[in-house]
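Along the sequence shown, residues are numbered consecutively beginning with 1. One-based numbering, in listed order, for ligands and for the atoms of each.
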Amino acid sequence: MIPERIALIRSEALARIAAATSLETLEGVRVDALGRKGSLSQFSKEFGKLTGEERAAAGLALNTAKSELEAALDARRSAFEAAALSARLDAEWLDLTLPAPGPRPGSLHPVTQIQMEIEDLFVSLGFAVLEGPEVETERNNFDALNIPAHHPARDMQDTFWLEGGLLLRTHTSPVQVRGMEKFGPPLRMIAPGRAFRNEEVDASHEHTFYQLEGMMIDRDVSVANLIYFMKTLLGAIFHREVTVRLRPGYFPFVEPGFELDIQCLICGGPGCPVCKQSGWVELLPCGLVHPNVLRMSGIDPEEWNGFAFGLGLTRLAMMRYSIDDIRLIQSGDLRFLTQF
Ligand code: FA5
């Protein structure tokens, strides 16, 4: 009897719909019962063999069963969709009354951080912080520092010459000249700033880099005073034991002159591109101020003497933060800068 068979399929399908736990299961029930090859669709083939009365009863049972199943499927489907939506609303909840996060704060460049630390240290030791221009005269950059025209020492600093005899300063040493001429002795000054050289750029050389000049002029200043200040400086910067070596260095504006090198903190000694495989990094050239330099700036070398140093600030930042390529320093790359 077709109506009884339909009733059986209907009640089984309704039970499966009630027990379904997902939209996928519901779709399975729909395909099994109402799909083109589903169990209810099979009956229409048998209708031809029925009497008119039987066909009317079977047709009514079939249509009723189909619409009941469709209604039950719709109701369950809506329930699942509502549950999914409310789960999503719970998960993606947003408190619009919270204050906006605002712009991300920036940070000081590593070279600026070190520069400020050294300035604080030297100010506490009674030094003034001076500034000089990046565009300098030939006299302040060279002549007044005992480097006359045609002196081979000029070749050591490949110079960017400008029109009218001016130049981009190749070191911060011209600020020594400006300091001596403006303030006279006794003098304790430092001068941080940019220097420029027409150099082949590699892992340890930039055309634009930072130095920090220092000068102390007084009576009876000795190499012992110089070494004391340099040790105080390095101790404050590295907060740990740094191996240093002092070797004779030639700069026309100091006599005697030294190169203070530190053991490479990137590789710890065996050699790397930053220390040019030598294990040492040239950091702090220094010496006692040459009498000619004092004399040219109007200071009597019989009465006064002093020491001077020219710290490579960019290289110092590299050592301090283990930066293995100087080209990163001025790259402006935020992936680099946000680490400091
Ligand atoms: C000088 O510039 C001297 N004016 C230093 C000085 C001052 C000596 C006072 C004595 C008394 P030098 O050319 O060696 O010296 O440079 C000083 C430091 O600047 C170097 O030790 C190095 O750390 C840094 N430096 C030099 N050239 C570059 C460069 N191309 N890139 C990055 N750092 C550099």
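- The 4.0 Å heavy-atom shell around ligand 1 contains residues Gln157, His171, Ser173, Gln176, Arg197, Glu199, Ser204, His205, Glu206, Phe209, Gln211, Glu213, Phe251, Phe253, Val254, Glu282, Leu283, Pro285, Cys286, Ala308, Phe309, Gly310, Gly312, Arg315, Ile326, ordered by chain and number.
- Using a 4.5 Å heavy-atom cutoff, the side chains of Asp95 and Trp93 are in contact.
- If you run salt bridge (charged side-chain N to carboxylate O under 4.0 Å, His left out) between Arg194 and each of Glu213, Glu206, Glu134, only Glu134 comes through.
- Counting non-hydrogen atoms of other residues, nucleotides and ligands closer than 6.0 Å to CD of Glu53 gives a total of 12 or fewer.
- By the 4.0 Å N-to-carboxylate-O rule, Arg178 lies close enough to Glu136 to be salt-bridged with it.
- Inspection of the Glu119 and Gln115 side chains reveals an N or O donor paired with an N or O acceptor under 3.5 Å.
- Using a cutoff of 4.0 Å between basic side-chain nitrogens and carboxylate oxygens, Arg30 and Glu27 are scored as salt-bridged.
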